Every structure is written in structure tokens, then in C-alpha cells.
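To keep things clear, I will list the structure first and then write my remarks on it.
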There are 2 protein chains.
Amino acid sequence: MLKIGEFSRLSQVTIKTLHHYDELGLIKPAHIDPVTNYRFYTVEQLPRIHRIMALKEMGLSLEQIGIMLEKELSTDEMRGMLHLKQAEIHQEMREAQRQLSMVEFRLRMIEAEINFPELDVVIKKLEAMRYLSFFVAPHTRLEKGLAYRSMVVSTLQNAIAEGVIQHTGVLIDVFHGEMILPFTSPDIKERQHEILLGVKDTQEAVKLKGIGQLTVKEEPAVETAATVMLEKSDLKDINIAGYAEKATLLRRWAIAHGYKPHDLVRYLSHRGLLQTSNPEEFIIEAQLPVDTGD
Amino acid sequence: MLKIGEFSRLSQVTIKTLHHYDELGLIKPAHIDPVTNYRFYTVEQLPRIHRIMALKEMGLSLEQIGIMLEKELSTDEMRGMLHLKQAEIHQEMREAQRQLSMVEFRLRMIEAEINFPELDVVIKKLEAMRYLSFFVAPHTRLEKGLAYRSMVVSTLQNAIAEGVIQHTGVLIDVFHGEMILPFTSPDIKERQHEILLGVKDTQEAVKLKGIGQLTVKEEPAVETAATVMLEKSDLKDINIAGYAEKATLLRRWAIAHGYKPHDLVRYLSHRGLLQTSNPEEFIIEAQLPVDTGD
DNA sequence: TCTACAACCTCCCCTAACAGGAGAGTCAAG
DNA sequence: CTTGACTCTCCTGTTAGGGGAGGTTGTAGA
């Protein structure tokens with residue numbers, strides 16, 4: 001008969017842990033003094049505690065260990081549990097790898113030292129929505145493109161004010177294609193810059209003076225998208241390049257983390273022209289739909 | 001102003017989590033209605049919650065994130081935290097790799113199907129001890145070797161009974177050298193099989209009739225040893241081969257898990273000849289000192 | 001205007017595997 | 001007989017929230 005301290009020394013399991021296992025029924029003392037409640041173990045129990053430790057080292061939970069100990073399970077069951085655990089560990093390793101790539105991406109950005117932008121990428125789902133779509137005609141000069149877009153938005157605003165449009169408050173600029181700087185590139189393509197205005201279920205197609213017929217469409221949900229919030233520094237100076245830079249970084253981030261970016265970028269205005277005319281107050285989220293590597 | 005549900009939908013953080021972060025002070029609502037206690041967030045808070053999520057994805061704790069958010073920390077501090085985290089993740093990955101190798105070792109043993117022995121290897125420290133040492137002279141025949149050892153042990157027992165030896169109850173058979181079956185091999189070396197009897201601090205050298213002078217020595221602690229408990233099936237049939245097989249498996253196990261086994265094996269009798277004459281009741285732990293790969 | 005029902009609130013308990021500590025009883029040696 | 005080492009039973013704390021009870025508030029339809 002060994003007192004708990006002795007058993008603890010032999011097995012190199014702490015007394016606290018032995019108490020805990022007693023409570024769980026994993027290994028109960030061979031004898032308990034009914035007067036003092038002292039626990040007494042025997043050397044015959046050493047194989048059992050060894051077994052518990054060996055299984056714990058493999059990462060099995062105490063609950064699973066309890067099952068394995070109490071019913072002598074068949075070779076097949078045992079194999080099944082181990083295969084399961086194997087898969088779990090593989091999953092953990094992938095997760096660790098993901099985390100590592102994120103940490104190292106950040107470190108590289110810091111090392112690059114270029115007044116590094118805070119790139120807080122979040123993977124999220126994009127909800128499906130009903131929307132009115134308008135394609136901004138291409139312009140080779142930045143100012144013209146911006147002015148044109150402003151005109152479109154104020155036309156929409158008027159329609160909203162007149163009650164012609166029941167919107168949901170969601171306004172998204174979508175840039176189709178790989179192009180990063182749609183307003184400044186000379187060989188810009190048609191139908192590249194699309195404005196989506198989220199609308200309620202009751203909304204139907206409308207015709208607006210100056211920009212024409214807008215029909216209602218459905219945008220399907222996107223399962224996985226890499227997103228970042230643009231900061232003030234990206235927006236001030238009416239610097240559209242800030243938007244483009246984020247998109248580039250987002251793309252790089254996605255690739256570095258094993259995602260396959262789609263061929264478009266969305267800018268969701270949480271607070272944009274519909275809410276304020278001061279660009280410094282804009283809150284804009286860049287969204288890059290991606291495919292997962294699976 | 002966004003109610004918590006709306007903010008939750010935009011950020012894709014559950015309401016529960018937002019409550020939790022509020023409590024921790026990670027991100028507090030811009031406004032709380034003093035009457036209803038409703039939390040109101042603003043779109044300006046989206047970058048902050050994004051940042052929190054991005055840092056959390058890297059595996060940082062909420063406490064660390066809190067620190068990073070509240071005091072604008074320098075590039076160097078940031079780099080330091082990330083390097084620390086990087087090291088942590090590497091550690092986790094090594095641990096996962098260790099677990100994986102254990103699980104796969106077991107799976108291989110099961111697949112091998114050879115009435116597979118339960119090999120519950122536990123890594124532990126071996127304590128330093130004072131001991132009396134006796135080298136068993138080599139014998140080419142199994143029975144002779146065993147009989148000789150029995151004689152030695154009973155001589156020790158007599159001495160103990162006479163009070164000549166103050167022992168600690170610890171009896172260890174050490175087999176020096178790679179040899180697995182010391183009793184049966186023809187080219188057995190001298191001074192290969194050593195018996196250690198742990199003794200108390202007061203014990204000094206003794207001279208025993210029949211086996212001669214035994215001096216007291218110190219055995220240093222072993223930092224890392226792979227150990228298994230021998231089972232009844234290993235011990236019955238007075239089958240010394242069971243001992244040897246465990247040693248072989250122990251060695252393989254150690255190598256498969258990145259340890260470098262030393263050139264000796266110890267058998268610690270938790271219950272051996274000193275306690276019982278019935279070999280079926282023996283409780284014996286095989287110990288293989290190893291070096292870690294670090 | 002009444003009534004659902006959705007959204008929101010504040011507790012409170014639960015997780016896994018113990019560690020730490022308080023306060024009290026027990027054991028062995030000097 | 002006393003000290004110091006052991007042991008006991010509670011109780012709390014750890015991480016990052018999830019689940020649910022029980023109560024209030026907000027909104028939309030009849």
C-alpha cells in the first residue's frame with residue numbers, strides 16, 4: 001500500500017492530478033481509510049496510471065481515456081479512435097500553419113518598414129442581396145470618373161428622397177477584372193465598374209432621368225471573402241490609390257494564406273456618399289471573394 | 001447608431017462575443033441607452049472589431065489584444081510580440097508532431113497485428129540514489145544466470161533481515177550495453193548485468209559472505225527516460241524473453257519519437273524478489289534513459 | 001389599439017484539466 | 001509533546017465564450 005505521495009513520486013503524476021482522476025473514476029485508490037480518508041494505492045495500479053499517461057500524451061481527452069480503460073474495446077474500435085485522433089491532429093497542424101502564415105505575413109510587413117499599413121484582414125461571408133445595378137461608363141481621367149460616380153449617386157439619392165426607391169442602405173462599388181486602378185488605366189474595359197444599391201423585397205425596376213433604366217437583380221451569397229476596413233489615411237486626399245493599394249494587399253494576403261482570389265473587388269460603404277458628403281467620414285470595407293484551398 | 005444585432009451581422013461576431021468583449025473592455029458600445037441598457041455601436045467601430053478578429057485569428061489571447069489596442073505600441077514592441085507568438089506556434093506544431101508520431105506508432109503496432117502488446121511508454125525522470133552494486137557474473141545458460149541472480153538477491157535479503165543493510169526498497173537490474181538477451185548470448189561481456197539496491201544515507205559499505213564486498217555508490221539522476229511497465233504476460237513462464245522484447249520495443253519507440261537511447265536498460269522492481277517469491281506477482285518497470293533531440 | 005414575435009437585457013451555470021490555497025486533521029521523528 | 005511533513009475537503013481561477021432562464025423593449029400586422 002502506497003500513500004498518495006509515494007504513488008505520485010513513482011508515477012510522476014501530481015497529487016492534484018491523482019485527486020482529479022479519482023473524482024473522474026479514471027483510477028481510484030485500491031483502498032481508502034474510512035477514518036482519515038487517506039488514499040492508498042498499490043503497485044499493481046502502476047500499469048494503469050502509465051496507460052493513462054501514455055494515452056494522454058497522444059492528446060486524447062480524459063473522457064476518451066476513460067472509455068478505453070473501462071470497456072476492453074476491440075482492435076477495430078481502437079483503430080477507429082486513433083484514426084479519428086490522427087485526423088484531429090492533422091487539423092490542428094493546419095490551423096497552426098494558418099496562424100503561422102498570418103504572423104509571418106505581418107512580420108514581413110513590419111520588416112518592409114514602408115510606413116506599414118495596418119492590414120486587418122477578416123474572412124467573412126457576404127450575404128445575398130437584391131440590388132439595383134448601374135455600370136459606370138469608363139473614364140480615362142480620375143476626376144471625371146469620380147465626378148461621374150458622384151452624379152450617379154446623387155441621382156439615386158434624389159430618387160430615394162422622392163420615395164421611388166426603397167433601399168436597404170447598402171451601397172457597393174464593384175470593380176470587375178484584375179484591374180486595380182480602373183479610373184486611370186488607358187485600356188479600361190467596358191462594364192467594369194458597377195454600383196450596387198441594395199433594395200428591399202418590394203422594390204421593382206425603376207427608370208431614372210439622366211441614367212436610364214435600372215433593373216432589380218439578385219446577388220448570390222459569397223461563402224468566403226477576405227475583407228479589410230479602409231482607414232482614414234486611405235481615404236483622405238481624395239486618394240483613390242488608397243483603395244487600390246488595399247485591393248492589391250488583400251490579393252497578396254489571400255494568396256499568401258492559400259486562398260484563390262476571384263477576379264473582382266467590392267467596396268461596401270458602411271458610411272459613404274449616401275450618408276455624408278465628407279469623404280473623411282467614410283467607412284468603407286474592401287471585400288475580395290476567394291476560393292478556399294480545399 | 002447600430003443595435004447590437006446589426007453590428008453583429010456586419011462584423012460577423014456573435015452577440016455573445018460582443019457582450020464578452022464589452023465586459024473585458026476590448027470594444028465598448030459607442031453609446032448605451034441608460035433606460036434600456038441597449039448597446040449601440042457605430043460604423044466607426046468596425047475597424048476596431050476587425051482588428052480584434054484579425055489578431056485573434058493569429059492566435060493571440062484577448063488579453064494580449066487588449067494591450068495591443070490600448071497603448072499604441074511601437075514597431076519594436078509589436079515585432080517582439082509577434083516573434084514570441086511565432087515561437088509559440090512553432091512549439092505547438094512540434095507538440096502536434098509528437099502526438100502524431102505516437103498515434104501513428106500505435107496504429108502501426110495494431111496493423112502489424114502480432115497479438116500486439118500494449119506499449120504504454122511514459123517519459124519520466126529517474127531520481128538520483130545511493131546504492132549497493134553487485135555485478136552478476138556472466139552465464140551462457142539462462143537457468144544458471146537466473147539461479148545465480150536469485151542467490152545474490154537472497155543473500156541481500158538475509159543481510160537485510162539481519163539489519164546489516166538499511167535499504168530503501170528499490171531494487172534495479174541494469175543491463176549495460178546494447179545486448180538484449182544477456183543470459184543467452186554466447187559472447188556475453190563481463191560486468192554487464194548489475195544489481196542496484198537502493199540504500200539509506202546511513203548505509204555504508206558491507207561485506208557479505210558468498211558474494212564479497214559491496215561498496216556504496218551514487219547514481220546520478222537521469223533527466224529523461226522512456227519507461228514501460230511489464231505485464232503479467234511478459235513475466236509468466238519465467239520468460240526472460242518478455243523482458244528483452246520490451247527493451248527492444250522501448251528502443252524502437254524512443255527512436256521513432258526522436259529520442260536517442262542510451263546503451264543500457266534498467267529494470268526497476270516495484271514488487272520483485274525482495275517482496276514476493278511468486279514471479280506472477282512481480283511489478284517491474286523497464287527504464288531506458290534517452291537523450292532528447294534538442 | 002391590441003397582440004404577437006423578434007430583439008435585447010442581466011444573471012447564472014457550463015466547458016477541460018487541473019493549480020493554488022485555505023483551514024483542518026494525521027503521521028512520524030526527536 | 002511538539003514540530004514539520006503529509007493529507008484531506010472545499011473553493012476559486014484559468015480561456016473564450018455558449019446555452020438558457022426570466023424579464024423588458026421595439027415593431028409590425030390585424
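Convention: sequence-line order gives letters A, B, ...; per-chain numbering from 1. All values below were derived from every heavy atom in this structure, side-chain atoms included, with hydrogens, water molecules and symmetry-related copies excluded. It should be emphasised that the depicted structure is a prediction, and the values quoted were computed from it without experimental measurement.
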request  = Measure the distance from CD on A/Glu63 to C1' on C/dA17 and round it to the nearest whole Å.
outcome  = 13 Å
task = Name the closest nucleotide to the A/Asn37 side chain, picking from D/dC8, C/dC9, C/dC18.
result = D/dC8
ask   = C/dC8 P sits how many Å from B/His31 NE2, rounded?
value = 15 Å
message = B/Val170 and side chain to side chain contact (heavy atoms under 4.5 Å, CB included): which single residue from B/His270, B/Glu127, B/Met129 fits?
response = B/Met129
task = Please report, rounded to the nearest Å, how far the C1' atom of C/dC27 is from the CD1 atom of A/Ile4.
result = 16 Å
task = Indicate yes or no for a side-chain donor-acceptor contact from A/Arg130 to the backbone of A/Asp201 under 3.5 Å, with no hydrogens or angles considered.
result = yes
task = Using a cut-off of strictly less than 4.0 Å, decide whether B/Thr14 has a side-chain nitrogen or oxygen near OP1 or OP2 of D/dG17.
result = no
5' precedence on DNA chain D between B/Tyr38 and B/Leu60 (nearest-nucleotide basis) = B/Leu60
inquiry  = Between D/dG17 and B/Tyr21, counting only base atoms on the nucleotide and side-chain atoms on the residue, is there a donor-acceptor pair under 3.5 Å?
reply    = no
Proximal nucleotide (of D/dC8, D/dA16, C/dA19) relative to the A/Thr17 side chain = C/dA19
inquiry  = Whether the side chain of A/Lys28 engages the backbone of A/Asp22 through a donor-acceptor N/O pair (distance < 3.5 Å, no angle test) should be reported.
reply    = yes
message = Check this for me: does any side-chain nitrogen of one of A/Arg98 and A/Glu95 sit under 4.0 Å from a carboxylate oxygen of the other?
response = yes
Base of D/dG17 paired with side chain of B/Lys56 (donor-acceptor, under 3.5 Å) = no
Spacing of A/His19 atom NE2 relative to C/dC18 atom P, expressed in whole Å = 14 Å
query = C/dG21, C/dC11, D/dT9: which one has an atom nearest the side-chain heavy atoms of A/Lys16?
reply = C/dG21
note = To the nearest angstrom, the NE2-P distance between B/His20 and D/dG18 comes to 10 Å
request  = Provide, to the nearest angstrom, the distance between the CG atom belonging to B/Leu24 and the P atom belonging to D/dA16.
outcome  = 9 Å
task = Examine the side chains of A/Lys124 and B/His50 and answer whether a donor and an acceptor come within less than 3.5 Å of each other.
result = yes
query = Roughly, in whole Å, what's the span from NZ in A/Lys200 to P in D/dA28?
reply = 9 Å
message = I need the CG-P distance between B/Leu62 and D/dG18, as an integer number of Å.
response = 11 Å
request  = Specify the residue among B/Lys3 and B/Ile15 whose closest nucleotide of DNA chain D lies further upstream toward the 5′ end.
outcome  = B/Ile15
